[in-house]
*Asks:* 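This is the structure I have questions about; it appears just below.
If you're wondering where the values come from, they're calculated on a predicted model, not measured in any experiment.
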Amino acid sequence: MIVVTGSTGNVGRPLVQALSATGAQVTAVSRGISGLDAPEGVVHQRADLAVPESLRPLFDGADALFLHDSGAGAHLLSPQEILDAAKAGGVRRIVLLSSQGVATRPQSASHGGTGRSFEDAVRQSGMEWTILRPGGFDSNAYAWAESVRTRRTAAAPFADVGLPTIDPADIAEVAAAALREDGHAGQVYELTGPALSTPRQRAEAIGAALGEPIRFIEQTREEARAQLLEFMPAPVVETTLSILGAPNPAEQRISPDVEKVLGRPPRTFADWAQRHIAAFG
């Protein structure tokens, strides 16, 4: 059995679907009791990573775990307690969804601190481990959904700074391979899209998928900071803005790892926009 935490998220949802399609026995875990349209045969359980005792019954009989560190809330979690609960239940293989920033922003409290603590705990767990370090997600464009639907506008800072954002479905497929197949133990996969794209170009791609032009509005750094602070801790906001506005060479590098694992190139942002255009219509 494979336990998938964060199963209603941008990576967890397609991961559950990908694993189910292979016939794997899957337990999909999330904090809420709704939000997952689980495929037939998938067991959906409610549990909270911040309460490791709530996880223990879910790990009984499991042999693999997909661990999502909960993003901005990761600093509230105890990776060691989560891993201890997993090992007690019989889990022998773990795939951790980490972040590229662990390597590229080691001085950041959110990445080099919290993110590194998760990676270190996984490496020292005694289990077979694989670490996934994606860059920015294509699905971050959902932040534009309401403004595109109502005003056909998209606002973001650093309009012409390119990053190789990745389709969460590609992350999910790499995770599924690492959970089910041998040969991935001890690997750290840097996951990016196939090319650099800028916020202005991503807005144009959404417009092309809609068949209508989208007016792009470039925010100042302070405008973007105020918006991000509504749902992200200040240290995470500062690191995020630094990556978006002044990425270092490692953050703009196109990684070969998606193709190495899946045998095909990663999907483009335009592919993502076409598949999810209903959110913007």
*Asks:* Say whether Arg202 and Ser197, considering side chains only, have a donor N or O and an acceptor N or O under 3.5 Å apart.
*Replies:* yes
*Asks:* For Thr8 and Arg13: C-alpha separation, side-chain torsions, deciding distance, then whether side chain to side chain donor-acceptor pair (under 3.5 Å) applies.
*Replies:* CA-CA 5 Å; Thr8 59; Arg13 189 184 300 270; 5.2 Å; no
*Asks:* With the threshold set at 4.0 Å, does a side-chain nitrogen-carboxylate oxygen contact exist between Arg93 and Asp63?
*Replies:* no
*Asks:* Is there a donor-acceptor contact under 3.5 Å from the side chain of Trp144 to the main chain of Ala155?
*Replies:* yes
*Asks:* Drop me the distance from Leu97's CG to His68's NE2, to the nearest 0.5 angstrom.
*Replies:* 5.0 Å
*Asks:* Test your reading of the model: is there a side-chain donor-acceptor pair from Ser54 to the backbone of Asp48, 3.5 Å cut-off?
*Replies:* yes
*Asks:* In the structure I gave you, are the side-chain heavy atoms of Glu223 and Pro157 within less than 4.5 Å of one another anywhere?
*Replies:* no
*Asks:* Is a side-chain N or O of Gln201 found less than 3.5 angstrom from the main chain of Thr198, in a donor-acceptor match?
*Replies:* yes
*Asks:* Report whether Leu58 and Ile82 are members of the same hydrophobic cluster (ILVMFWY, side-chain heavy atoms less than 4.5 Å apart, transitive linking).
*Replies:* yes
*Asks:* Using a distance-only test with no angle check, is there a side-chain donor-acceptor pair under 3.5 angstrom linking Thr130 and Gln187?
*Replies:* no
*Asks:* Is there a side-chain contact (heavy atoms from CB on, under 4.5 Å) between Leu65 and Val95 once you walk through the steps?
*Replies:* CA-CA 6 Å; Leu65 167 65; Val95 175; over 6 Å; no
*Asks:* Locate the shortest heavy-atom distance separating Ala270 from Ala205; write the atom from each residue and the value.
*Replies:* CA-CB, 4.4 Å
*Asks:* So does Arg264 pair up with Glu259, basic N to acidic O under 4.0 Å?
*Replies:* no
*Asks:* Working note: Ile243 + Asn248, criterion side-chain contact (heavy atoms from CB on, under 4.5 Å); need CA distance, chi angles, decisive distance, verdict.
*Replies:* CA-CA 8 Å; Ile243 293 171; Asn248 59 44; over 6 Å; no
*Asks:* Would you mind listing every ring pair (Phe, Tyr, Trp, His ring centres under 6.0 Å) that reaches into residues 188-212, with sequence neighbours excluded?
*Replies:* His184-Tyr189
*Asks:* Closest heavy-atom contact between Ala203 and Phe216?
*Replies:* CB-CD1, 3.9 Å
*Asks:* Nearest 0.5 Å please: distance from the CE atom of Met127 over to the CG atom of Leu96.
*Replies:* 10.5 Å
*Asks:* Could you grab the distance from atom CG of Leu83 to atom CZ of Phe118, nearest 0.5 Å is fine?
*Replies:* 8.0 Å
*Asks:* Hey, any chance Leu49 and Ile131 share a hydrophobic cluster, counting ILVMFWY side chains that come within less than 4.5 Å of each other, even indirectly?
*Replies:* yes
*Asks:* With clusters defined by side-chain heavy atoms of hydrophobic residues (ILVMFWY) lying less than 4.5 Å apart, directly or transitively, does Val258 cluster with Leu19?
*Replies:* yes
*Asks:* Considering the options Val11, Val3, Ile94, Ile2, which one meets the side-chain contact (heavy atoms from CB on, under 4.5 Å) requirement together with Phe66?
*Replies:* Val11
*Asks:* Could you report the tightest heavy-atom contact between Pro194 and Ile254, atom names first, then the distance?
*Replies:* O-CG2, 3.7 Å
*Asks:* Any salt bridge between Glu119 and Arg123, counting N to O under 4.0 Å?
*Replies:* yes
*Asks:* Within the 3.5 Å criterion, strictly below it, is a donor on Gln219 or Gln227 matched to an acceptor on the partner's side chain?
*Replies:* yes
*Asks:* Atom OG of Ser99 and atom CZ of Arg116: how far apart are they, to the nearest 0.5 Å?
*Replies:* 11.0 Å
*Asks:* Please determine whether residues Ile171 and Trp272 belong to a single hydrophobic cluster, defined as Ile, Leu, Val, Met, Phe, Trp and Tyr linked transitively by side-chain heavy-atom distances below 4.5 Å.
*Replies:* no
*Asks:* Taking side chain as C-beta onward, heavy atoms only, is Arg221 less than 4.5 Å from Leu241?
*Replies:* yes
*Asks:* Out of the candidates Glu251, Arg133, Glu190, Gln252, only one should pair with Thr104 under the side-chain hydrogen bond (donor to acceptor under 3.5 Å, both in side chains) rule; please name it.
*Replies:* Glu251
*Asks:* Are the side chains of Arg180 and Thr22 in contact, using a 4.5 Å heavy-atom criterion?
*Replies:* yes
*Asks:* Does the distance from a Lys or Arg side-chain N to an Asp or Glu carboxylate O, for Asp167 and Arg275, drop under 4.0 Å?
*Replies:* yes
*Asks:* Taking atom types as modelled, is there a side-chain donor on Ser242 or Glu238 under 3.5 Å from an acceptor on the other?
*Replies:* no
*Asks:* Assess the residue pair Asp120 and Ser117 against the criterion (side chain to side chain donor-acceptor pair (under 3.5 Å)); give the C-alpha distance rounded to whole Å, side-chain angles, the decisive distance to 0.1 Å, and a yes or no.
*Replies:* CA-CA 5 Å; Asp120 289 346; Ser117 71; over 6 Å; no
*Asks:* Given the rule that I, L, V, M, F, W and Y join up when any side-chain heavy atoms are under 4.5 Å apart, are Val4 and Phe137 in one cluster?
*Replies:* yes
*Asks:* How many angstroms lie between CZ in Arg267 and CG in Leu262, if you round to the nearest 0.5 Å?
*Replies:* 8.0 Å
*Asks:* Taking Ser30 as the fixed residue, which of Arg46, His44, Gln45 is the one that meets the side-chain hydrogen bond (donor to acceptor under 3.5 Å, both in side chains) rule?
*Replies:* His44
*Asks:* Can you find a pair of side-chain heavy atoms, one from Thr153 and one from Val148, that are under 4.5 Å apart?
*Replies:* no
*Asks:* Taking all non-hydrogen atoms of both residues, which atom of Val161 and which atom of Pro199 are closest, and how far apart?
*Replies:* O-CD, 3.4 Å
*Asks:* Fit a plane to each ring of Tyr142 and His276, take the angle between them on a 0 to 90° scale, and name the class: parallel (under 30°), tilted (30 to 60°) or perpendicular (over 60°).
*Replies:* perpendicular
*Asks:* Quick one: are Glu146 and Arg151 in side-chain contact, heavy atoms under 4.5 Å?
*Replies:* yes
*Asks:* Does any N or O in the side chain of Ser20 come within less than 3.5 Å of the main-chain N or O of Gln17, such that one atom is a donor and the other an acceptor?
*Replies:* no
*Asks:* Give a yes or no on whether Glu181 atom CD has more than 12 heavy-atom contacts from other residues, nucleotides or ligands under 6.0 Å away.
*Replies:* yes
*Asks:* Have a look at Leu132 and tell me which of Leu191, Val261, Asp257 forms a side-chain contact (heavy atoms from CB on, under 4.5 Å) with it.
*Replies:* Leu191
*Asks:* Can you see which heavy atom on Thr192 is nearest to which on Ser255, and at what distance?
*Replies:* OG1-N, 3.0 Å
*Asks:* Hydrophobic clusters join Ile, Leu, Val, Met, Phe, Trp and Tyr when side-chain heavy atoms are under 4.5 Å apart, directly or via other members; which others share one with Ile217?
*Replies:* none
*Asks:* I need the minimum non-hydrogen distance between Val91 and Phe59, along with the two atoms involved.
*Replies:* CG2-CD2, 4.1 Å
*Asks:* Go through the steps to decide whether Thr165 and Asp138 satisfy the test side chain to side chain donor-acceptor pair (under 3.5 Å), and finish with yes or no.
*Replies:* CA-CA 6 Å; Thr165 61; Asp138 289 347; 2.6 Å; yes
*Asks:* To the nearest 0.5 Å, what is the distance between CG (Asp271) and CG (Asp170)?
*Replies:* 9.0 Å
*Asks:* Under the 3.5 angstrom rule, does the side chain of Lys87 hit a backbone N or O of Arg92 as a donor-acceptor pair?
*Replies:* no
